[in-house]
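The structure under discussion appears below in the form of structure tokens.
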Amino acid sequence: MELTYTDKQKAFREEVRSWLADNVPAEPLQTFDTEAGFQAHREWEARLNAGRWGMVTWPEELGGRGCDLIEWLIFEEEYYKAGAPLRVNQNGIFLLGPTLMEYGTEEQKARILPKMATGEEVWSQGWSEPNAGSDMAAIRSTARLEGDKYIINGQKTWSTRAVWADWCFGMFRTDPESERHRGLTFILVPLDTPGITVRPIPQLDGLPGFAEIFFDNVEVAVENRLGDEGAGWAVAMATAGFERGLMLRSPARFQETARRLVELYRANQSSADQDPAVRDAVLRAYLDAESYCLSTYQTACRLNKGGKIGAESSTNKIFWSELDQNMHATAMSILGARAELLPHAPDASGVGNWLDGWLFAQSGPIYAGTNEVQRNIIAERMLGMPRR
Amino acid sequence: MELTYTDKQKAFREEVRSWLADNVPAEPLQTFDTEAGFQAHREWEARLNAGRWGMVTWPEELGGRGCDLIEWLIFEEEYYKAGAPLRVNQNGIFLLGPTLMEYGTEEQKARILPKMATGEEVWSQGWSEPNAGSDMAAIRSTARLEGDKYIINGQKTWSTRAVWADWCFGMFRTDPESERHRGLTFILVPLDTPGITVRPIPQLDGLPGFAEIFFDNVEVAVENRLGDEGAGWAVAMATAGFERGLMLRSPARFQETARRLVELYRANQSSADQDPAVRDAVLRAYLDAESYCLSTYQTACRLNKGGKIGAESSTNKIFWSELDQNMHATAMSILGARAELLPHAPDASGVGNWLDGWLFAQSGPIYAGTNEVQRNIIAERMLGMPRR
Amino acid sequence: MDFTFSEDQLLFQDSVRDFLVNEVTPERIRASWETASGRDAALWAQLAELGLTGLTVPEELGGLGMSELDFILLAQECGYVALAEPLVHTALVAVPLLRELGGELAAQWLPRIAAGEAKVIVGLEHNLLVEDAHVADLLLLQRGERILAATPDQVALRHNESVDPSRRLFAVDVAADAAEVASGERAAELATRALDRGALGCAAQALGLAQRMVDMSVQYTSERQQFGQAIGAFQAVKHHMANIAVRLEYARAPVHRAAYSVACAEAVASQAVSHAKLVACEAANLAAKNCIQVHGAMGYTWEVDLHIFMKKAWALANSWGDAGFHKTRVGEHIFAEGAALGAGATFA
Amino acid sequence: MDFTFSEDQLLFQDSVRDFLVNEVTPERIRASWETASGRDAALWAQLAELGLTGLTVPEELGGLGMSELDFILLAQECGYVALAEPLVHTALVAVPLLRELGGELAAQWLPRIAAGEAKVIVGLEHNLLVEDAHVADLLLLQRGERILAATPDQVALRHNESVDPSRRLFAVDVAADAAEVASGERAAELATRALDRGALGCAAQALGLAQRMVDMSVQYTSERQQFGQAIGAFQAVKHHMANIAVRLEYARAPVHRAAYSVACAEAVASQAVSHAKLVACEAANLAAKNCIQVHGAMGYTWEVDLHIFMKKAWALANSWGDAGFHKTRVGEHIFAEGAALGAGATFA
């Protein structure tokens, strides 16, 4: 055990920091749940990629830097510290990207990854269906192989950022006789294919952060199948693993939220201390964010040495989503009567973007497998408790 | 609505207060989980009864005062304020007593209630069995009718205070072919009957607060059956309702605990405030104890006017048991390094009986139907959510 | 000692609930979001017709002459439908303050309020912003040690947008020529009582909001199927809902007690109100948290009605005194030397 | 940056775990409750034979010359079996303090500790009572601005009974002729570091205790049948256990970091220890609460082993600094003007 950075790691941090200092937009971009904001974020992805900072863990030949997980953590720390924009293509670069590298053909990698890296093609997910949410094995949308094409019919929903995305990836039932986890196939679909209708779903803040996607005899070339026909579940589980895992939720994000929460508390201390629960909640937020960072470093080091993430990754989802909710709830308490105001309200001094964060934090315990499902997984797979 | 006491109620309170001031032992009695303490508590019951304060809600002809529920609440308030002993015969007077009044024959009432009132006969419960805990319908102990006697075989467990009690009441399977709730009969059993073996079970503090009761061809006269043969479940549910309901857990007890907690906090404020969660927890304890009192008064007034307790009585069990646990956990936090010390330890200044209370509070969410079972009941019967 | 509502009070609650549930539908609330004022004059006229705007106006001034206690069950029902019109404000804050101010002002405005012809809105120093100031025909504003009565032409309003599109909040600048209607000690006392009544209204509405979220969620989880069964049959979902039911069950009596205490001007009124607001808003916040969770992604959408009630619950928790304010008031009582606590002290 | 334990460290942990689980059974712990000292000389001899009593004693003095970090996984295992012997105290508190004191004292006592021939017990001003003072061959006692070394004949012990029958706690009066071994600034520094190491030991044991309670409860709920199935199949029971698993999973790395920080005498050591102790003891307290719940009435008995671990968890939470003490230390850091917080600050 050696909990100090190497000279190489320090130099890497300096390089990241210096590039970000020169390149991060001075003004925060508009949210990518608006069309203009989406476009601005897409441009930021291109800029990042031009600096070869788009996906630092990707191999150099794909425009990455072949970073290990510690360097990735360092990058994320600097990224969040610099207040750089959220990653509009996170479904692509963090979820589909690694899955493609594991299951994709060379042709697929060469065709898809570079455009994903530049943000030229932004990806959305097509997992959930109206009757297949937590119960993903209940998928009913079909893909019928005809010659060298799949004919897709059905409906996907809760597809994050699909309103302006270029592609979606998801699972479809290729064996109509199959049930549950069997007979599903992982297919990549260009969203401009005829027969596709994307209906925006406004989220809590009224913006169309996700969408329903309707497929009406949509023809997709068979070369867009990822993995074997009928093997979709295994491919998807790899992706879900990434999603729940550390890649999407770097500790830096929560540490910065905790830091801002401490600042907010200090700036409002005399009113905040009227509720003695607040100081304790701030303290806990800081401790939990640090615990999350420490545990992530420990896991990253283990993975760097060839270890595997197991069922304990389900603890990750619960931990960060509840931490995020608690931190934002505490901020709401501190803000008191100001908490409900939109940031542009004239008397909303000092509210920052806490309200947006609070709304967004509501989705944490729900998406990517509800926390109830995660608790079942922990109990059954990590602790070995009996299934019904 | 009129939230003031009538002159009659005020006079009643004065009368209770004055009798208790004259009669409550100056020194607290030893716990009734010891033989000597049990005896002392039995004597206290006799004294209470001699003053006609044993069961104030009972009819006058049974030695009670025919009090309504508000008078009962007033009595309880004065009782706890005076620091009077816990009721060693609570299973009898609060649970079996009301059940007997509803389901018993005149002969049974005349035979049983007076001795229950004087504490001459102390009652224990015989509900749970090794494989019938939360799942009470899984009872296997049998009672076979032969002539004018039941022959009882089997085992009961978690029988509170059965080590020194005189009788137990419980359910036995009289129809050997029956399953679940059917074919059960409610029978009263003298614990000195041949064939009975009582094995003490030491609880967390090492004292035999409950026991197992083994029945080996125990003969019980048929006149000790309460209600009809095979109708035990309905009778038992009435008793369980009383148990969960307000009679056993009067708000006074929790309000006094909350008051002592405020005192403890004030006496240790500078160290207690090192943990900001403590002050908040004390505040919440006070609020919840008051809420419990207010709700109980509201329910009592409704019942006095002929209303019925419904499934919402399950909320009662959860509320007081969690409140009790939280208050004692908070006291443990305030006591810090002193929390683990037994009261007689030479350096245990100011620990009072918080440790005993803390240990006892652990049982609250478990006994009389675990809180998990109560939550199911609330969801299904009060909210109407689907069963599996 | 009688802690029950009368048959009349309960019947009135039933009839108002029926009216509100039928009239104040989520669709109607959504429609009002699109209007400039966000307020629904037709609905206000209906409320007036039922006598609700004048419920606490003395009979001799055209009202029903009822007390805050008589209104409290109705305030719960206003929460149940997330009524956006300032009915709770009128009955619990504005009318009682006008009654206390009395004289010409009361004689002039109370009949008009009862008739549904005017709205009076109160803004205290404690209110960061004043809800519905834009539809007020008269504003009663606490400024320093004075209470002023200002007509719309005497104020300048600055709109502040809330996360709850039903709420219309304004900073209010008042002209120097607004009439002083109370000052000094008396103004401070009136303001404290007005604040108590405002907080009481939040608490009662919070009970209704929580109940509505529970009802919606029970229905949703009884219908929504996953893993081959209604998700409401899963124990985890049941327990989320049961946990709300427990907190909600024990928040009701404190609200009713606070209403009684305010109506009778008991010495403990402020403390009873703080207690009620803390526990009722906490129950509503828990309801919001658990109900969005059992709704899954549906709960995160604008289209499902849950957020109408959830956002209002969030907002009320911080209106008319946030948790810190009310905890401080309770703390001042219970941590005071010689405070009367424990068994028997509740109604002493 | 390498946040992993070495193969050697992990192998050592495995072998010690095997030894402890086999030797320190609940039956043996219960048997020790009945003895006068509550301590098991034979067991101590076995621990010495394995080199564990001298693990942190320098090699030249007959020990294994390892660091606090090397011992931390073993401290977890000591918690896992609720070891009553003062092994964690020896390796993490007494030996390092003797090492720091150095000189004659260290030369005299460290070899005897390593050989299992002597026990040295530390009592700070911060310790309300001194655990295992009755079996000490030497006591190092902080008194005011001094640290004294006292032999058993120089102290008077007053026994204080704990709810955990494994714990033997004593108030210690020390004679005037006990030798001063440090004073002033230096004594205070040594005491702070000793306190940190004592708290670190509690944190590591808390992890083991929590894990043991989880393991026992998983087994119990997998066997216990109610309503026609193992109760562990009920979602409510699963979620009680999963909630522990989450908190426990995220308490481990902070404990390991604190051990590293102490071993390297980092400037942030005290703060890292406070962090570790808070989260580890909270995980253990949650484990105690949820595990007794899933055990039902069985968990409330003296006969079922759960209480052995539960009571120790409760006691450790308040030993070597309670939550208030450790929260205050964390608070002093994070609420300070210009504190280095946020992304990138953790290992800076």
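Order of the sequence lines fixes the chain letters, A, B, ..., with proteins taken first and strands second; residue numbering starts at 1 for each chain.
Judged as a side chain to side chain contact (heavy atoms under 4.5 Å, CB included), and not counting sequence neighbours, the contacts of C/Ala258 are C/Leu200, C/Ala272, C/Val273, C/Ala276. By the ring-ring contact (aromatic ring centres under 6.0 Å, His included) test, A/Phe214 pairs with no residue at all, sequence neighbours left out. Taking C/Ser37 as the reference, nothing meets the side chain to side chain donor-acceptor pair (under 3.5 Å) condition, with sequence neighbours excluded.
Interface remark: C/Ala236 contributes side-chain atoms only to the contact with chain A (heavy atom separation under 4.5 Å). Interface remark: A/Ala138 contributes no atoms to any contact with chain C (heavy atom separation under 4.5 Å). For A/Ala137, no part sits under 4.5 Å from any heavy atom of chain C, backbone or side chain. Proximity to chain A is limited to the side chain of C/Met310, based on heavy atoms less than 4.5 angstrom apart. Using a 4.5 Å cut-off between heavy atoms, A/Leu355 contacts chain C through its side chain alone, with no backbone atom that close. At a 4.5 Å heavy-atom cutoff, C/Ile231 makes no contact with chain A through either its backbone or its side chain. Contact of A/Pro130 with chain C is made through the backbone alone, with heavy-atom distances under 4.5 Å. For chain C, no part of A/Ile334 is nearby; none of its heavy atoms comes within less than 4.5 Å. For C/Leu306, no part sits under 4.5 Å from any heavy atom of chain A, backbone or side chain.
Each of C/Gly296, C/Ala323, C/Gly321 has some count of heavy-atom pairs under 4.5 Å with chain A, and the biggest count is that of C/Gly296. Contact tally against chain A (heavy-atom pairs below 4.5 Å) for C/Gly324, C/Gly331, C/Gly299: the top residue is C/Gly324.
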Cross-chain donor-acceptor list, chain C x chain A, under 3.5 angstrom:
unit_1: C/Arg158; atom_1: NE; unit_2: A/Asp347; atom_2: OD2; d: 3.2
unit_1: C/Arg158; atom_1: NH2; unit_2: A/Asp347; atom_2: OD1; d: 2.7
unit_1: C/Arg158; atom_1: NH2; unit_2: A/Asp347; atom_2: OD2; d: 3.3
unit_1: C/Asn160; atom_1: OD1; unit_2: A/Asp347; atom_2: N; d: 2.7
unit_1: C/Asn160; atom_1: ND2; unit_2: A/Asp347; atom_2: OD2; d: 2.8
unit_1: C/Glu161; atom_1: O; unit_2: A/Leu342; atom_2: N; d: 2.9
unit_1: C/Glu161; atom_1: OE1; unit_2: A/His344; atom_2: NE2; d: 3.4
unit_1: C/Ser162; atom_1: OG; unit_2: A/Glu340; atom_2: OE1; d: 2.6
unit_1: C/Val163; atom_1: N; unit_2: A/Glu340; atom_2: O; d: 2.7
unit_1: C/Arg167; atom_1: NE; unit_2: A/Glu340; atom_2: OE1; d: 2.7
unit_1: C/Arg167; atom_1: NE; unit_2: A/Glu340; atom_2: OE2; d: 3.4
unit_1: C/Arg167; atom_1: NH2; unit_2: A/Glu340; atom_2: OE2; d: 2.8
unit_1: C/Arg224; atom_1: NH1; unit_2: A/Pro130; atom_2: O; d: 2.3
unit_1: C/Arg224; atom_1: NH2; unit_2: A/Pro130; atom_2: O; d: 3.4
unit_1: C/Gln226; atom_1: OE1; unit_2: A/Gly133; atom_2: N; d: 2.9
unit_1: C/Gln226; atom_1: OE1; unit_2: A/Ser134; atom_2: N; d: 2.9
unit_1: C/Gln226; atom_1: OE1; unit_2: A/Asp135; atom_2: N; d: 2.7
unit_1: C/Gln226; atom_1: NE2; unit_2: A/Asn131; atom_2: O; d: 2.8
unit_1: C/Phe227; atom_1: N; unit_2: A/Asp135; atom_2: OD2; d: 2.7
unit_1: C/His240; atom_1: NE2; unit_2: A/Glu372; atom_2: OE2; d: 2.6
unit_1: C/Gln293; atom_1: NE2; unit_2: A/Pro365; atom_2: O; d: 3.0
unit_1: C/Gln293; atom_1: NE2; unit_2: A/Glu372; atom_2: OE1; d: 2.9
unit_1: C/Gln293; atom_1: NE2; unit_2: A/Glu372; atom_2: OE2; d: 3.4
unit_1: C/Tyr300; atom_1: O; unit_2: A/Leu204; atom_2: N; d: 3.0
unit_1: C/Tyr300; atom_1: OH; unit_2: A/Leu359; atom_2: O; d: 3.3
unit_1: C/Trp302; atom_1: N; unit_2: A/Pro202; atom_2: O; d: 2.8
unit_1: C/Glu303; atom_1: OE1; unit_2: A/Arg199; atom_2: NH2; d: 3.4
unit_1: C/Glu303; atom_1: OE2; unit_2: A/Arg199; atom_2: NH1; d: 3.1
unit_1: C/Lys311; atom_1: NZ; unit_2: A/Leu204; atom_2: O; d: 2.5
unit_1: C/Asn318; atom_1: ND2; unit_2: A/Gly336; atom_2: O; d: 3.4
unit_1: C/Lys327; atom_1: NZ; unit_2: A/Asp275; atom_2: OD1; d: 2.7
unit_1: C/Lys327; atom_1: NZ; unit_2: A/Asp275; atom_2: OD2; d: 3.4
unit_1: C/Thr328; atom_1: OG1; unit_2: A/Gln274; atom_2: O; d: 3.3

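In plain terms, the two heavy atoms of A/Cys168 and A/Leu191 that are nearest each other are N-CG, 3.9 Å.
Judged purely by atom type and a 3.5 angstrom limit, C/Arg247 has no side-chain atom pairing as donor or acceptor with the backbone of C/Leu286.
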